[in-house]
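A short worksheet on the structure shown next.
When reading the values below, keep in mind they use all heavy atoms of this one structure, side chains included, and skip hydrogens, waters and symmetry mates.
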Amino acid sequence: MTTERYNPRLTEQNWQKAWDDKSLFVTPSSPTDQRPKFYVLEMFPYPSGRIHMGHVRNYAMGDVLARYKRACGFNVLHPMGWDAFGMPAENAAIQNNAHPKDWTYKNIATMREQLKSMGLSLDWSREFATCDPQYYRHQQSLFLDFLEHDLVYRKNAKVNWDPVDQTVLANEQVIDGRGWRSGALVEQKELTQWFFKISDAAEDLLTSLDDLERWPQKVRTMQRNWIGKSVGAKIRFSLAPNQLTDTKTLEVFTTRPDTIFGASFMAIASDHPLSSTLEKNIPELAEFNKQCRQTGTSAIAIETIDKKGYDTGLKVRHPFIEDKLLPVYVANFILMDYGTGAVFGCPAHDQRDLDFARAYKLEVTTVVAPQDGETKIADIAYVGDGHMINSDFLDGMSKDKAIETVISRLAKTQLDGAPQAVKETNYKLRDWGLSRQRYWGCPIPVVHCDSCGIVPEAKESLPIELPYDVDLDAPGSPLARHPTWKNTDCPQCGKPATRETDTMDTFVDSSWYFTRFASPHYEQPVDRQQVDYWLPVDQYIGGIEHAILHLLYSRYFTRAMKITGHVGIKEPFNGLFTQGMVTHETYRAKDGSWLQPSQLRIEEINEKRHAYNLETGEEVTIGPIEKMSKSKRNIVDPDEIIANYGADTARWFMLSDSPPERDVIWTEAGVEGAWRFVQRIWRVVNKVSEFESSSKSNSIQLTRSAHQALDNVGKMISSLRFNNAVAQIYTLLNDIEKSANSAKPQDYSAIIDATNIIIQLFAPMMPHLAEECWSRMGNDGLVSQAPWPQADSALLVVTTITMPIQINGKRRAQLEINPDMPEDEIISAVMQLDVLKKALDGQEPKRIIVVPKRIVNIVI
RNA sequence: GCGGGCAUGGCGGAAUUGGUAGACGCAAGGGACUUAAAAUCCCUCGAUCCUAGAUCGUCCGGGUUCAAGUCCCGGUGCCCGCACCA
């Protein structure tokens with residue numbers, strides 16, 4: 001018997017068409033279904049041009065779950081869309097002279113075809129892009145609702161400003177403090193911008209994390225730290241009389257009021273009101289503040305700079321030590337956004353304060369004595385607990401007691417007619433700035449009127465559509481520069497007015513798209529009936545890089561939509577899974593340029609791998625394994641893999657071996673291995689398909705294996721342990737193959753049954769191959785529509801187990817026993833073992849530990 | 001700088017959550033089939049001790065325990081995020 005090789009090129013498109021013809025994956029819009037619902041969603045892609053292997057991995061995982069849940073009888077929603085606004089479209093427009101809109105939709109068309117070639121069970125009838133006016137008009141409508149409910153407001157905030165290009169720069173456009181295109185030194189500039197009041201929800205966003213049980217622990221921890229709750233006090237210090245300012249007091253926030261006796265200086269942010277006042281009369285301070293403004297706005301820029309300060313000459317009085325004055329510095333590491341923008345510096349017990357004190361030769365007084373009694377501070381601040389010293393009335397107290405005491409003492413003291421200290425809770429979480437001075441985003445639907453001020457657009461006027469004719473390759477914001485677009489009439493008084501020319505952060509687009517999928521064509525933002533049925537998302541899958549921003553913003557936005565009556569829930573994602581990245585070796589030529597894997601020939605010489613440029617023959621250096629990226633060119637194009645091996649092979653490889661939350665290394669050998677497995681299944685299925693079914697079966701062992709695998713694979717897919725599921729399927733195929741090679745006619749039935757089971761087991765992962773095998777086995781219908789088989793619980797009962805026997809913790813023997821054998825019987829069986837008798841040498845064992853169904857350990 | 005994570009054979013990883021470390025796969029070596037190649041099939045495969053059997057072995061150093069890859073303390077290395085990249 002000869003079998004032709006399995007050819008995915010001939011089969012995959014046919015099966016995709018068969019699914020399409022039956023609209024198998026289109027989820028009907030009416031939520032009257034009796035089946036339980038399951039909403040599985042992968043983070044939608046940015047249409048950057050072509051799909052990459054990261055997408056293949058992400059969508060393969062989601063598809064396995066969607067197909068499995070469907071087979072298990074769930075009403076599954078599995079939609080797809082496009083996160084289509086963003087900077088790359090504008091960059092491409094400038095570089096390639098293409099319009100962002102045309103560029104984006106062209107990419108979507110390409111990527112849609114690529115995704116379709118993967119055979120994903122997606123409901124394409126619900127597809128949308130966030131740059132569709134029909135999507136963003138609803139986003140504008142939501143914004144107006146938020147505005148009405150006081151969830152959005154305007155305030156000044158700093159942006160990176162390129163003084164040459166006259167434009168706002170994203171953090172990633174700032175390279176070493178300079179604009180990426182102009183090379184000009186970047187400055188900080190204040191602009192009036194729109195903010196969501198996410199900080200109002202800080203406490204709720206924090207406490208609700210405890211209930212998100214199906215989220216990875218690490219994501220919850222990261223969000224917890226990001227929200228950054230800290231309990232402390234606001235303390236006001238009185239300024240000593242001076243010629244520089246009329247200000248009488250300086251207010252700080254601190255979590256360590258206990259260390260007040262160790263205070264040796266005050267530090268305020270360069271943009272603190274006091275600093276801004278002082279700089280008018282002190283040119284050196286003005287210069288210092290200017291330098292601070294050149295640091296850039298990103299946290300990493302601020303945190304990694306050398307700590308510098310400017311002594312203002314001002315002093316504050318210590319609240320407890322008479323005549324003690326503390327100098328007031330302006331310091332570049334104090335953030336105006338957090339607390340009050342001012343701190344008291346206690347060098348002995350805060351590392352940053354210590355670094356600062358050493359640089360400016362300020363005193364260091366230890367006030368908390370560590371447990372080990374060492375109170376001298378060198379280069380490391382002591383931040384732990386201990387008892388108070390050098391602290392007058394606090395001496396001997398614990399840290400917590402000292403905090404209480406300081407706050408209550410100062411609360412009783414009046415300064416300028418108010419208590420000198422109040423307890424306060426602070427959050428690191430800042431309000432979410434959504435204004436972007438860019439073209440390719442959702443316009444913010446408000447109007448600036450000279451008479452009426454800020455006026456919301458009327459909902460009937462939505463969408464406020466982006467103009468097509470813009471000039472992107474000139475300084476400034478494209479919408480502000482457009483000759484006519486911003487001109488309109490005030491919706492309130494009818495007089496000429498101007499539109500807001502800022503657009504929304506793309507994170508707004510992605511903060512509710514999952515809600516829109518429930519009713520993607522509805523004339524309002526959401527159809528409550530549909531949303532109440534489908535949400536929350538049961539399983540959300542995406543990259544760990546979104547652990548904080550996207551996921552936190554979405555949690556907030558859902559709360560805001562609840563407040564405005566659009567949804568009834570506050571948590572959008574019941575289950576979250578963060579998958580690892582796809583990585584590959586890097587290749588670099590002598591001239592420093594990067595090469596793609598497809599441009600190379602790899603040879604192994606003396607067990608060492610060498611890479612050669614296919615065109616020039618020149619040897620290139622094999623570099624470290626890194627995330628696939630355009631810049632390093634270590635990219636394997638999914639299209640090529642699908643063309644050569646088929647979608648099933650690509651999907652199988654992405655799911656096997658590496659645990660899904662960890663990075664996977666793309667290797668040629670790995671793909672080849674997956675490809676061979678596909679062929680091996682095909683051979684086995686062809687062989688088994690020629691067996692005549694018989695009524696009687698003796699092959700109980702194989703049937704047992706099949707049902708065990710069935711039970712395990714189901715559990716593993718449910719918990720997204722795809723690599724374990726793959727290993728189970730390999731094991732079962734080994735068993736089937738062995739049985740098939742030595743099969744007697746009375747075994748045929750069992751082998752056929754096991755083969756049908758394995759086809760169903762890998763169907764969610766390799767759906768095309770599964771259909772082909774299913775039909776080859778003579779089954780009716782599509783395997784994509786077949787219900788998931790039930791494991792026979794009688795076959796799952798284990799009748800004998802191998803019990804390892806340890807002597808002093810080292811394995812010395814084993815016993816084949818019934819798992820339910822009572823403990824005393826196990827012990828007497830063990831005592832008969834020769835190895836043990838020999839080891840005991842007539843003595844009694846000191847201790848015998850029997851762990852049921854696991855292990856026996858004899859301590860001698 | 002701050003926050004989070006990871007580390008097991010030549011490689012990807014498994015280990016029922018404290019109970020036989022290395023399942024399953026890849027690579028490699030040997031053999032079979034073939035005129036030959038590909039494909040396929042069979043065997044070996046953590047290290048050391050010539051063999052047996054044993055000893056060692058989960059990044060490094062300590063600890064808890066009858067028992068540690070798993071728990072605790074202290075290190076090292078690598079990766080991710082840091083609010084205008086998506």
> Between Arg352(A) and Pro45(A), which is nearer to the 5' end of RNA chain B once each is assigned its nearest nucleotide?
Replying inline: Arg352(A)
> With pairs taken as Watson-Crick or G-U wobble and both distances under 3.5 angstrom, which stems of at least three consecutive pairs involve RNA chain B?
Replying inline: B:1-7 with B:76-82, B:10-12 with B:24-26, B:28-32 with B:40-44, B:46-49 with B:53-56, B:59-63 with B:71-75
> With a non-hydrogen cut-off below 4.0 angstrom, is Lys810(A) in contact with a base, only sugar-phosphate, or nothing?
Replying inline: sugar-phosphate
> Salt bridge or not for Glu42(A) and Arg57(A), using N-O below 4.0 Å?
Replying inline: no
Might you list the N or O atoms of the protein lying below 3.5 Å from N or O atoms in nucleotides 32-34 of chain B, with each pair's distance?
none

> What residues, two or more places apart in sequence or in another chain, satisfy side chain to side chain contact (heavy atoms under 4.5 Å, CB included) together with Arg436(A)?
Replying inline: Arg438(A), Thr503(A), Asp505(A)
> Taking only residues at least two apart or on different chains, which pairs with a member in residues 846-860 of chain A satisfy side chain to side chain donor-acceptor pair (under 3.5 Å)?
Replying inline: none
> Would you say the side-chain atoms of Ser656(A) pair up with the backbone N or O of Asn723(A), donor to acceptor, closer than 3.5 Å?
Replying inline: no
Where do N or O atoms of nucleotides 14-25 of chain B meet protein N or O atoms at under 3.5 Å, pair by pair?
{"from": "A14(B)", "atom 1": "OP1", "to": "Asn723(A)", "atom 2": "ND2", "distance (Å)": "3.1"}
{"from": "A15(B)", "atom 1": "OP1", "to": "Asn724(A)", "atom 2": "ND2", "distance (Å)": "3.3"}
{"from": "U16(B)", "atom 1": "N3", "to": "Arg854(A)", "atom 2": "NH1", "distance (Å)": "3.4"}
{"from": "U20(B)", "atom 1": "O2", "to": "Arg811(A)", "atom 2": "NE", "distance (Å)": "3.1"}
{"from": "G25(B)", "atom 1": "OP1", "to": "Asn734(A)", "atom 2": "ND2", "distance (Å)": "3.2"}

> Checking all strands, does His546(A) fall into the base, sugar-phosphate, or nothing category for heavy-atom contacts under 4.0 angstrom?
Replying inline: base
>> Quick check against the 3.5 Å criterion: does Arg812(A) have a side-chain atom that pairs as donor or acceptor with the backbone of Leu836(A)?
In response: no
If you restrict it to nitrogen or oxygen atoms, what contacts under 3.5 Å exist between nucleotides 77-85 of chain B and the protein, and what is each distance?
{"from": "A83(B)", "atom 1": "OP2", "to": "Ala299(A)", "atom 2": "N", "distance (Å)": "2.8"}
{"from": "A83(B)", "atom 1": "O5'", "to": "Asn171(A)", "atom 2": "ND2", "distance (Å)": "3.4"}
{"from": "A83(B)", "atom 1": "O2'", "to": "Arg430(A)", "atom 2": "NH2", "distance (Å)": "3.3"}
{"from": "A83(B)", "atom 1": "N6", "to": "Lys428(A)", "atom 2": "O", "distance (Å)": "3.1"}
{"from": "A83(B)", "atom 1": "N1", "to": "Arg430(A)", "atom 2": "N", "distance (Å)": "3.1"}
{"from": "C84(B)", "atom 1": "OP2", "to": "Arg436(A)", "atom 2": "NH2", "distance (Å)": "3.0"}
{"from": "C84(B)", "atom 1": "O4'", "to": "Arg436(A)", "atom 2": "NE", "distance (Å)": "3.1"}
{"from": "C84(B)", "atom 1": "O4'", "to": "Arg436(A)", "atom 2": "NH2", "distance (Å)": "3.2"}
{"from": "C84(B)", "atom 1": "O3'", "to": "Asn171(A)", "atom 2": "N", "distance (Å)": "3.4"}
{"from": "C84(B)", "atom 1": "O2'", "to": "Asn171(A)", "atom 2": "N", "distance (Å)": "2.7"}
{"from": "C84(B)", "atom 1": "O2", "to": "Arg438(A)", "atom 2": "NH2", "distance (Å)": "2.1"}
{"from": "C84(B)", "atom 1": "N4", "to": "Gln193(A)", "atom 2": "OE1", "distance (Å)": "2.9"}
{"from": "C84(B)", "atom 1": "N4", "to": "Ser435(A)", "atom 2": "O", "distance (Å)": "3.4"}
{"from": "C84(B)", "atom 1": "N4", "to": "Gln437(A)", "atom 2": "OE1", "distance (Å)": "3.1"}
{"from": "C85(B)", "atom 1": "OP2", "to": "Asn171(A)", "atom 2": "N", "distance (Å)": "3.4"}
{"from": "C85(B)", "atom 1": "OP2", "to": "Glu172(A)", "atom 2": "N", "distance (Å)": "3.0"}
{"from": "C85(B)", "atom 1": "O4'", "to": "Glu172(A)", "atom 2": "OE1", "distance (Å)": "3.1"}
{"from": "C85(B)", "atom 1": "O4'", "to": "Glu172(A)", "atom 2": "OE2", "distance (Å)": "3.4"}

